[in-house]
Chemist: 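One structure, as structure tokens, below. Some questions next.
Chain identifiers are assigned alphabetically (A, B, ...) following the order of the sequence lines, protein sequences preceding nucleic acid strands; residue numbering begins at 1 within each chain.
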Amino acid sequence: MTIELRNVAKNVGGETHIYDTSVRFAETGFNVLLGETRAGKTTLIKLIAGLERPTSGEIWIKGRDVTTLSPQKRNVSLVHQFFVNYPNMNVFENIASPLRVAGVGRKERKRRVEEAAELMRLTPMLKRRPSELSGGQQQRTALARAIVKDSDVVLFDEPLANLDYKLREELRDELPRLLAGRGAIVVYATSEPHEALLLGGHTATMKEGRVTQFGETSKVFRQPNNLDTARVFSDPPMNAASVIKQGNEIVMDTARWRVPDALKNAPDGAYTLGLHPHTVTPVQENTEAVQVQGKVIVTELSGSESIAHFTRGGEDWVSQAHGVHAFKVGETHDFYFDAARGLYFGSDGRLVA
Amino acid sequence: MAAKTENQRAWFFVIPVILLVAFNAIVPLMTVVNYSVQETFGNNQFFWSGVTWFEETLKSERFQAALGRQLLFTAIILAIEIPLGIAIALSMPRSGPWVSVCLVLMSLPLLIPWNVVGSMWNIFALPDIGLLGYTLNAMGFNYDYTQQPLAAWATLIAMDVWHWTSLVVLLSYAGLISIPDAYYQAAKIDGAGKWAVFRHIQLPKMKRVLTIAILLRFMDSFMIYTEPFVLTGGGPGNATTFLSIDLVKKALGEFDLGPAAAMSLIYFLITLLVSWLFYTVMMRNEGEES
């Protein structure tokens with residue numbers, strides 16, 4: 001019993017927002033929608049919530065065709081990127097508002113609101129108005145409103161995007177725990193690949209109105225079906241190099257290496273080699289590694305990692321390595337990658353090996 | 001903490017404003033204060049008279065009647081224009097080509113000067129030749145604003161509503177379109193009805209602009225002069241003699257400088273006091289970002 005999109009498409013004024021999409025979401029754990037801005041995540045969330053109607057196709061929730069039902073009748077909750085609370089109600093009334101509309105009795109209402117407030121650590125703030133709360137507390141109030149009503153579906157539309165780093169980490173850790181065991185199907189839209197990895201569960205990668213792949217998060221990350229998915233699911237961006245298969249060798253400019261076993265039976269010709277930034281390092285990690293030279297353009301130091309953007313053969317590459325490495329911008333450095341960890345995509349963008 | 005630094009040069013930047021305010025507000029106001037505590041019989045000779053004029057003005061039936069009319073007029077204006085303005089703003093489209101059409105139509109009355117509005121309605125409502133006046137009479141209503149106090153009031157109110165409701169509409173509309181869509185979506189998911197959306201989202205989010213609208217409409221209608229002056233000159237009888245009309249009659253018609261000065265100060269203080277009260281009450285428990 002889950003959410004199913006059956007050939008759902010959405011056009012608005014001659015523009016396609018969602019192309020024919022069929023997905024069967026997971027019943028437990030998080031279903032992450034991962035994609036850049038305008039990839040169609042919000043539209044998909046709105047379609048599931050019932051805020052928009054699909055142009056064609058059907059939406060089923062828990063074995064019920066809800067395509068034409070109003071949001072209210074779908075029993076869904078939605079947490080927005082903006083902290084949406086009723087401005088003239090205090091925290092208690094805000095959390096209670098969905099229950100009041102649903103006609104839950106006063107005593108029961110009080111019990112459930114207090115329980116949700118306790119979970120979200122809002123108990124001392126119950127009497128305050130949203131304007132008297134910090135951003136994090138406002139979003140907690142919105143979250144409490146979403147979980148208090150025992151919805152079949154809880155939708156998140158980049159709920160942590162407007163919070164500062166610390167609060168984001170904190171809430172991200174809490175969310176799976178808060179939603180566990182509630183029996184709600186959770187769909188969570190984000191534009192950050194590492195957020196998808198941290199939340200686990202399943203991930204649907206999206207690009208320009210299409211779901212490029214859906215599956216277990218770790219699997220989608222390690223074994224993307226296609227170049228689009230690999231690109232969406234990589235931050236810093238994935239390195240994509242043009243290579244040519246010639247018999248038993250792969251040729252990339254002057255570099256050559258043995259064809260990996262999985263590619264042995266593929267025809268000769270042009271392929272795209274996808275390399276995650278963390279597989280390209282400034283030090284040689286094993287003797288098999290392929291060496292490339294690149295001119296460093298930008299360097300970043302993030303905590304214990306060094307990131308270097310460089311150009312090689314007219315292509316922009318990124319290397320992400322543990323430890324602090326000294327790069328000089330404008331100078332040429334040697335970089336190494338393990339060809340066996342690369343992904344080979346055909347000219348149609350599909351994964352070959 | 002750094003040592004407190006004082007820089008006297010700042011005064012140079014403030015002086016132009018002080019001079020400007022002094023010449024266009026403080027000096028004239030002080031002249032009025034000066035008149036209000038003295039008696040004169042002409043020849044530029046003045047005698048100290050203390051608070052006599054203030055007492056006399058406050059006790060005079062004429063002043064009380066004018067104040068009463070003024071308060072009633074302003075109350076009616078606010079009671080009509082604010083709800084009507086909000087209602088029109090709510091029914092305006094939020095996007096599309098009609099938005100600019102509506103906005104232009106709404107702004108038109110605001111561009112017309114007071115005395116023109118007065119003259120327009122004066123002619124429009126004339127019972128014998130005016131389109132409105134003639135039509136009403138032809139339909140069997142006995143309507144003549146030059147004779148009937150009620151008709152004069154109705155005409156003035158219609159005139160003001162026609163002229164100024166747009167201001168409330170534009171301010172409310174600005175407040176409305178600044179509400180993010182997310183709020184309406186949240187309400188839809190909660191299953192909140194139209195009234196609940198208005199009561200719990202739109203109204204609280206419009207609070208600030210509405211405060212400004214009410215303040216502006218209060219002050220403006222409380223100081224109304226041109227329209228009744230052009231329409232009937234304060235008549236029929238004294239029916240539309242509001243405070244400002246009464247004041248001009250006293251100061252320029254009767255040349256009673258002392259009492260007129262006292263009256264204008266009282267008038268000024270009432271306007272200031274009521275505006276302040278409005279503002280404080282409406283901004284209480286405030287802190288909401290709009």
Chemist: What part of A/Asn85 lies closer than 4.5 angstrom to a heavy atom of chain B: side chain, backbone, both or neither?
Modeler: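 Contact with chain B involves the backbone of A/Asn85 alone.
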Chemist: Write out all pairs satisfying side-chain hydrogen bond (donor to acceptor under 3.5 Å, both in side chains) with one or both partners inside residues 47-59 of chain A, taking only residues at least two apart or from two chains.
Modeler: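 Only A/Glu58-A/Trp60 qualify under side-chain hydrogen bond (donor to acceptor under 3.5 Å, both in side chains).
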Chemist: Using a cut-off of 6.0 Å, state whether more than 12 heavy atoms not belonging to A/Lys62 lie near its atom NZ.
Modeler: yes
Chemist: Side chain, backbone, both or neither: which part of A/Arg74 has an atom under 4.5 Å from a heavy atom of chain B?
Modeler: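 Looking at A/Arg74, nothing touches chain B.
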Chemist: Check whether A/Ser70 gets within reach of chain B through its side chain, its backbone, both or neither, counting any heavy atom under 4.5 Å.
Modeler: neither
Chemist: Kindly give the heavy-atom pair with the smallest separation between B/Lys205 and A/Pro87, and that separation in Å.
Modeler: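 Minimum heavy-atom separation between B/Lys205 and A/Pro87: CE-CG, 3.9 Å.
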Chemist: If you count the non-hydrogen atoms of other residues, nucleotides and ligands that lie under 6.0 Å from CG in B/Leu272, is the total more than 12?
Modeler: yes
Chemist: List for me each residue that meets side chain to side chain donor-acceptor pair (under 3.5 Å) alongside B/Trp11, sequence neighbours excluded, and say none if there are none.
Modeler: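 B/Gln8.
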Chemist: Inspect the surroundings of CD in A/Glu170 and state if more than 12 heavy atoms from other residues, nucleotides or ligands are less than 6.0 Å away.
Modeler: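 Count over threshold, so yes.
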Chemist: Other residues, nucleotides and ligands only: do more than 12 of their heavy atoms fall within 6.0 Å of CD on A/Glu36?
Modeler: no
Chemist: Please lay out, stage by stage, how A/Gln72 and B/Ile189 fare under the test side chain to side chain contact (heavy atoms under 4.5 Å, CB included).
Modeler: CA-CA 5 Å; A/Gln72 192 192 349; B/Ile189 285 175; over 6 Å; no
Chemist: Carefully, step by step, assess A/Asn88 and B/Arg199 under the rule side chain to side chain contact (heavy atoms under 4.5 Å, CB included).
Modeler: CA-CA 9 Å; A/Asn88 63 333; B/Arg199 174 72 189 75; 3.0 Å; yes
Chemist: Look at atom CD of A/Gln81 and say whether more than 12 heavy atoms of other residues, nucleotides or ligands are closer to it than 6.0 Å.
Modeler: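 Enclosed: over 12 neighbouring heavy atoms sit under 6.0 Å from CD of A/Gln81.
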Chemist: A quick test of your reading: do over 12 heavy atoms of other residues, nucleotides or ligands sit less than 6.0 Å from CH2 of B/Trp162?
Modeler: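 It does: B/Trp162 CH2 has more than 12 such atoms within range.
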Chemist: Heavy-atom pairs under 4.5 Å with chain A - which of B/Ala196, B/Ala187, B/Ala182, B/Ala192 has more of them than the others?
Modeler: B/Ala182
Chemist: Which distance, rounded to the nearest 0.5 Å, do you find between the CZ of A/Phe82 and the CD of B/Gln185?
Modeler: 9.5 Å
Chemist: Would one find more than 12 heavy atoms of other residues, nucleotides or ligands at under 6.0 Å from atom CH2 of B/Trp153?
Modeler: yes
Chemist: Would you say the side-chain atoms of B/Asp190 and A/Tyr86 include a donor-acceptor pair closer than 3.5 Å?
Modeler: yes
Chemist: Which answer fits A/Lys73, side chain, backbone, both or neither, if we ask what part of it has an atom under 4.5 Å from a heavy atom of chain B?
Modeler: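 Contact with chain B: none, neither part.
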Chemist: Please report the closest heavy-atom contact between B/Tyr183 and A/Phe83, naming both atoms and the distance.
Modeler: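 In this case the closest contact between B/Tyr183 and A/Phe83 is OH-O, 3.8 Å.
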Chemist: Give, for atom NZ of A/Lys46 and atom CG of B/Asp181, the distance between the pair rounded to the nearest 0.5 Å.
Modeler: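 Rounded to the nearest 0.5 Å, the NZ-CG separation comes to 6.0 Å.
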Chemist: With rounding to the nearest 0.5 angstrom, report the NZ to CG distance, B/Lys188 to A/Leu78.
Modeler: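 Answer rounded to 0.5 Å: 12.0 Å.
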